[in-house]
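Only one structure is covered here, and it is reproduced in the block below.
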Amino acid sequence: MITGHPAALARLHADSLITDRQPGSRAHQITDAGRAAYEQWKAHYGPPAPTPASGVLPKLPGRQHDAVLAAARRPDHLVPGIDDHVPGFFNQRTLAAVHAAGYADIRPCEHGVVHGSYEQSGRALYLTPTGREYARQRGNIPCSRRRIVIIACGSKKAEPSWEKFGYRDVIPAGHLYTGPYHRSLRLAADSLTEQTLIRIMSARHGLVPLERPLFPYDTRLGDSDAITPERIARQTAALDLDDAHVIFLGGRNYARLLTQSVPHALAPLTGGIGDQRARCHAVARSAHLAAAWWTIAARLADQPTAAAKNQLVPNTSSVPAATGSRLPATRASGRAGPSAARSQR
């Protein structure tokens, strides 16, 4: 079977290199003369290169096609199933077929390795790079990597309140930290991405979503009950941050801990706590500055080997300075002032 641009097919047909499978049919097949010409071409130029991943992907059956496009429209790229408790979910057979086609896959489990097939694991499915490419080709959806923002926690915390939070002893992480430095980080994060893609880097719990209930605690990095690099590595793997654009907002010690597992994370905040807060407020006001940060984060994600060289220093090279900020455009030390260090727990 021969497919291609109509003009090219017409030329091949005129040269008797292809013929209609049936009179008047739009399906074409190669002729003996075409095979001979193809073998002559290979002898001169060598065998053709393998079909690249960016080649035209075959269209999936209806519900499978709809499932991939539905995931591409979601910020988290979740392929919604009945167990995900979201509207517009797809049945198990559809999800299994999308998984078998390579357009979606499960992610590692933070607490252990998942063995067996998707059906045996019972875990959620998320788009793969091939799934994103399918959405671009077949759905005309500009589907790129997820935009994850991770922000440092803070030492000042709210008190539990049933009236405010609907819990008696715990507080959702997104409401737990009340210090002005953390609130500036959160302001910037809310302007950079969807709330479902924000994680707070807790000194005790590691990467937590905004809705996760937490007991108030008092832990600093380095304490006996503090998060370890090994656990952070498991959490970043469970979030599949190798396949995401990542921005980290916070001080140097937290950035160093994160970049051991996510070397391509962009850490655009440098200088003292006043400089960092000013930059957070600037990016919240400026869509242009936010776009510039994401452009750099995307470039770092495409060059993880180069980013790995900056594991000990947050990645701030070439980050545009905020208009009106006290932060010089060339400063890239990644050091936070003492007040910032004290405020993050």
Side-chain angles (χ1 to χ4, degrees), residues 147-158 173-193 195 198-204 207-208 210 216-223 226-227 245-259 262 265-297 300 310-345:
R147 291 180 167 184
I148 305 291
V149 177
I150 299 171
I151 62 177
C153 60
S155 59
K156 187 176 181 181
K157 300 177 178 69
H175 298 285
L176 177 60
Y177 310 96
T178 59
Y181 178 69
H182 176 83
R183 302 315 300 174
S184 294
L185 301 180
R186 176 65 188 279
L187 176 70
D190 285 342
S191 70
L192 287 166
T193 195
Q195 290 196 356
I198 298 173
R199 293 295 183 273
I200 297 175
M201 192 170 181
S202 161
R204 176 177 291 183
L207 306 182
V208 296
L210 300 181
Y217 63 92
D218 186 15
T219 300
R220 296 187 182 188
L221 292 181
D223 289 353
I227 190 72
H245 300 158
V246 182
I247 291 178
F248 172 75
L249 303 176
R252 180 184 179 89
N253 291 338
Y254 283 77
R256 291 178 62 154
L257 178 58
L258 178 67
T259 53
V262 192
L266 173 68
L269 302 184
T270 60
I273 190 170
D275 292 325
Q276 295 188 24
R277 291 190 64 195
R279 205 164 206 190
C280 286
H281 286 261
V283 78
R285 296 191 304 266
S286 172
H288 175 75
L289 181 59
W293 285 11
W294 283 122
T295 298
I296 300 170
L300 292 172
N310 296 317
Q311 283 190 11
L312 297 182
V313 178
N315 225 318
T316 58
S317 58
S318 304
V319 179
T323 303
S325 168
R326 290 174 285 166
L327 179 63
T330 58
R331 187 169 184 175
S333 67
R335 292 177 292 181
S339 298
R342 287 195 301 269
S343 69
Q344 299 172 30
R345 295 183 184 177

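Since this is a predicted model, take the numbers as computed values, not measurements.
Taking both residues in full, the closest heavy atoms of V208 and A173 are given as CG2-CB, 3.9 Å, listed atom of the first, atom of the second, then distance. Here the closest heavy-atom approach between residue L258 and residue A265 is recorded as CD2-CB, 4.3 Å. Taking both residues in full, the closest heavy atoms of S191 and A284 are given as OG-CA, 3.4 Å, listed atom of the first, atom of the second, then distance. Across all non-hydrogen atoms, the minimal contact from Y254 to C153 is OH-SG, 3.4 Å. Here the closest heavy-atom approach between residue T270 and residue D275 is recorded as O-CB, 3.7 Å. Residues C280 and L269 come closest through the heavy atom pair SG-CD1, 3.8 Å.
With hydrogens and angles disregarded, a donor-acceptor distance shorter than 3.5 Å links the side chain of R279 to the backbone of P268. Without hydrogens or angle criteria, S286 side chain to V283 main chain gives no donor-acceptor distance under 3.5 Å. Checking side-chain atoms of T259 against main-chain N and O of V262 turns up no donor-acceptor pair under 3.5 Å. When atom types are taken as modelled, the side chain of W294 and the backbone of V246 share no donor-acceptor pair closer than 3.5 angstrom. Between the side chain of D223 and the main chain of R220, a donor-acceptor pair closer than 3.5 Å is present.
Looking at heavy atoms from C-beta onward, I227 lies in side-chain contact with L221 at the 4.5 angstrom threshold. By the 4.5 Å heavy-atom criterion applied to side chains, L207 and I150 are counted as neighbours. Under the 4.5 Å side-chain criterion, counting only non-hydrogen atoms from C-beta, H182 is in contact with I151. Residues H281 and S184 are in side-chain contact: their nearest non-hydrogen atoms beyond the backbone lie under 4.5 Å apart. For the pair Q195 and R186, the minimum side-chain heavy-atom distance is below 4.5 Å. Within the 4.5 Å cutoff, the side chain of L249 has heavy atoms near those of the W293 side chain. Side chains of L176 and Y217 form a contact here, defined as non-hydrogen atoms less than 4.5 Å apart. Between Y181 and K156 there is no side-chain heavy-atom pair separated by less than 4.5 Å.
Atoms CG and CG, from L185 and D190 in turn, are 11.0 Å apart once rounded to the nearest 0.5 Å. The CG atom of N253 sits 10.0 Å away from the CE atom of M201 when rounded to the nearest 0.5 Å. One distance of note links CZ of R199 with OG1 of T193; it measures 10.0 Å at 0.5 Å rounding.
Under the 3.5 Å distance criterion, with hydrogens and angles disregarded, no donor-acceptor pair is assigned to the side chains of S155 and Y177.
With sequence neighbours excluded, no residue forms a side-chain hydrogen bond (donor to acceptor under 3.5 Å, both in side chains) with R147.
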